[in-house]
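Taking it in order: structure first as structure tokens, then the write-up.
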Amino acid sequence: MALDGIVTRAIVHELQSCRGARINKIYQPNDRDIVFHIRTQQGNAKLLLSANPTYPRVHLTQETFLNPAEAPMFCMILRKHCESGIIEDIQQVGMERIIHITIRQRDELGDISSKKIIVELMGRHSNIILLDPASDTILDGINHVTPAISSYRVVMPGFAYTNPPEQHKLNPLETLQEAFRESCLMNEEQAVPWLVSAFSGLSPLAAQEIAHRAGEGSASGVEGEKDCGSLWSVFDELMEQVRNHQYTPVTGVNAKGKSVFSVIPLTLLVDETITYESVSRCMEDYYGDKAQRDTVKQKVSDLLRFLQNERTKNIKKLDNLNKDLEEAGDADRYRIFGELLFASLHQIKKGDREAQLVNFYDEEQATVTIPLDPLLTPSDNAQRYFKKYNKYKNSLAVIDEQLIKTREEINYIENLLQQLSHASLSDIDEIREELIQQGYLRDRNRKAKKKKKNDKPTLHVYTSSEGIELYVGKNNLQNEYVTNRLASSNDTWLHTKDIPGSHVVIRSSEYGDATLQEAAQLAAYYSQAKESSSVPVDYTLIRHVRKPNGAKPGFVIYDNQKTLFVTPDEQRIKAMPSSVKNNRN
């Protein structure tokens, strides 16, 4: 379900608890999201404003965000005008997906000034705009709209703010029975499309729910005349709940198998629904990391293509090496042919095409047929087989070496592919940096080489139920740092047995079985066996883990390990307290 006017009303009502809150910090983790760190009467909180074209939303969040080394310009302007300010008011415009946040702050001269943040949650037209309400002038927007893009309105610094185009729909909270009935009878459309087109803030899902409760065939796609009386009864009942802010945030799956969320109870869902204590919790669970995963997909597509091509190339190379190995396995046969020919030169003459000789190396002294080149002398034919023998004998060592290297290369690439499946935006940058260091990719941004060697990679830290820190490496740079530099010799190291995955370190020499099980859960979840059951996880002390000389990043060998079997539980992982540390925070 797209975020509609009813959901917007519910979230604005919930955010009234933020009135009077002080804005301590403002961050912009990516080009579409703003995060306010605020201090409310209830304590510290984070407010997310997102103009993501696919997942626009506003809600309180518990998610951890990674911030860029340098704040974008829009973030800097927000900090200038809003940081240390007080949130005075949060209002919805009618039943539209537009939220106005009024902020009071003292300017550089000590005078109190007021600013307004307008959040427009309108799909690909979503925007976050900072406005000076005194002059109605735009100070900046997260998405600039130039005259070349839109002839209706411009969103650029210095321009007057223009409201989005009005849709001239009825406000469902103010519509009386007579107006409802008149609109219903005059419109020939089925119930669902009519409700969506007639009332502002009503999504197709909300309209389907009204039609479903009213017993309208249109909810299931069957043609039939609208029962305006039944529709009004359901409509009025639901709108009364919305008017009184009686919300029931739920998520579930509709008849088409699509995940949806709502703040009104849904009777049309096919399976059990999950109910939440707040709209923010519901939206955070529904959206989860969808927005980030979409951004990651776009950023990771070229790396995926490159690694998949490298993997295909190495698999072909492995096949060819195995064919060469099979052919080189005949080396001893060529040596025997040469020796038999030398021992029987008197029986062979030039021009013979084959020689049938007793194989005195065979226990049964069987006769063997040896092909000959009729243009060569018997001695030259023998020499030819010795040359073949030496060629293949020497190539066996090379082939064995190449087979080992190629298998290591395939394992390394598969490990990187697994890491990309869990990667955040900063993890991708580190994987790209690793591929540049290893000579797979060219460094197109040479200015970035100012990076210091002692820079820490991003660190993903979970806290066990016993209060012990568990470090998870989600790429090879992180794995190397966590295992080889951060961990102490008596810390415990975990990794899925013979399966590509993350290094996990229990940062304590003393811990209980609960911590060990939770660390094993992390190792299994952040591995190629995430969807499997009874995943084998090895664990041993850090002092038994070492990296061989010349090995690829993230590769280690270990001994004195024990193995336990766990089935990854995503809900259990999500419930664990976690944080992200990096050198930018």
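Side chains included, hydrogens not; waters and symmetry mates left out as well; all remaining heavy atoms used. Treat the numbers as computed from the prediction; the structure is a model and nothing was measured.
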Side-chain contact test, heavy atoms from C-beta onward, threshold under 4.5 Å: evaluate it for [X] versus [Y] and give yes or no.
X	Y	result
H81	L130	yes
N476	Q419	yes
K258	V253	no
I90	C18	yes
R442	I436	no
L325	L396	yes
Q528	T496	no

Between [Y] and [X], do the side chains contain a donor N or O and an acceptor N or O under 3.5 Å apart?
X	Y	result
Q16	R19	yes
S126	E120	no
E430	N475	yes
Q478	T458	no
Q28	D33	no
Y525	S502	no
E433	Q437	yes
E14	S280	yes
Q402	K317	yes
T406	N314	no
S464	Y511	no

Taking [X] for its side chain and [Y] for its backbone only, find out whether a donor-acceptor pair lies under 3.5 Å.
X	Y	result
E518	Y462	no
E284	T61	no
T540	N560	yes
D285	R281	no
K46	E63	yes
E434	P553	no

Is atom [atom1] of [X] surrounded by more than 12 heavy atoms (other residues, nucleotides or ligands) closer than 6.0 Å?
X	atom1	answer
Q438	CD	yes
E326	CD	no
M576	CE	yes

Side chain to side chain contact (heavy atoms under 4.5 Å, CB included) with F36: which of L48, N24, I26, L60?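 Looking at L48, N24, I26, L60, the match for F36 under the side chain to side chain contact (heavy atoms under 4.5 Å, CB included) is I26.
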Run the numbers on R572 and Q517 for side-chain contact (heavy atoms from CB on, under 4.5 Å), then give the verdict. CA-CA 11 Å; R572 187 175 177 184; Q517 284 290 331; 4.0 Å; yes
Quick one: closest heavy-atom pair of D4 and R97, and the distance?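 D4 and R97 have their closest heavy atoms at C-CG, 3.8 Å.
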For the pair D491 and R507, evaluate salt bridge (charged side-chain N to carboxylate O under 4.0 Å, His left out) and give the outcome as yes or no after the intermediate values. CA-CA 5 Å; D491 290 345; R507 291 279 284 142; 2.9 Å; yes
Does [X] pair with [Y] as a salt bridge, N-O distance under 4.0 Å?
X	Y	answer
K547	E480	yes
K574	E570	yes
R543	D559	no
E408	K405	no

Is there a ring pair (Phe, Tyr, Trp, His ring centres under 6.0 Å) between H460 and Y471? Walk through the geometry before answering. CA-CA 6 Å; H460 301 268; Y471 281 75; over 10 Å; no
After noting the C-alpha distance and the side-chain angles of T515 and E466, does the key distance pass the side chain to side chain donor-acceptor pair (under 3.5 Å) rule? CA-CA 6 Å; T515 293; E466 297 174 329; 2.4 Å; yes
Mutual orientation of the aromatic rings belonging to F261 and Y286 [parallel < 30°, tilted 30-60°, perpendicular > 60°]: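 The arrangement is tilted - the two ring planes meet at 30° to 60°.
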Please state whether the rings of Y558 and W493 are parallel, tilted or perpendicular, taking 30° and 60° as the class boundaries.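 The arrangement is tilted - the two ring planes meet at 30° to 60°.
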Apply side-chain contact (heavy atoms from CB on, under 4.5 Å) to L441 and L303, showing your working. CA-CA 10 Å; L441 298 175; L303 282 182; 3.7 Å; yes
Test: R57 cationic atom under 6.0 Å from Y287 six-membered ring centre, within 45° of axis: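 So R57 does make the cation-pi contact.
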Think K552 forms a cation-pi with Y412, using NZ or CZ under 6.0 Å from the six-ring centre and within 45 degrees of its axis?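 Yes, a cation-pi geometry holds between K552 and Y412.
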Stepwise, does the side-chain contact (heavy atoms from CB on, under 4.5 Å) test hold for Y539 with L564? CA-CA 8 Å; Y539 65 99; L564 50 86; 3.6 Å; yes
side-chain contact (heavy atoms from CB on, under 4.5 Å) assessment of T248 paired with Y276: CA-CA 7 Å; T248 308; Y276 300 85; over 6 Å; no
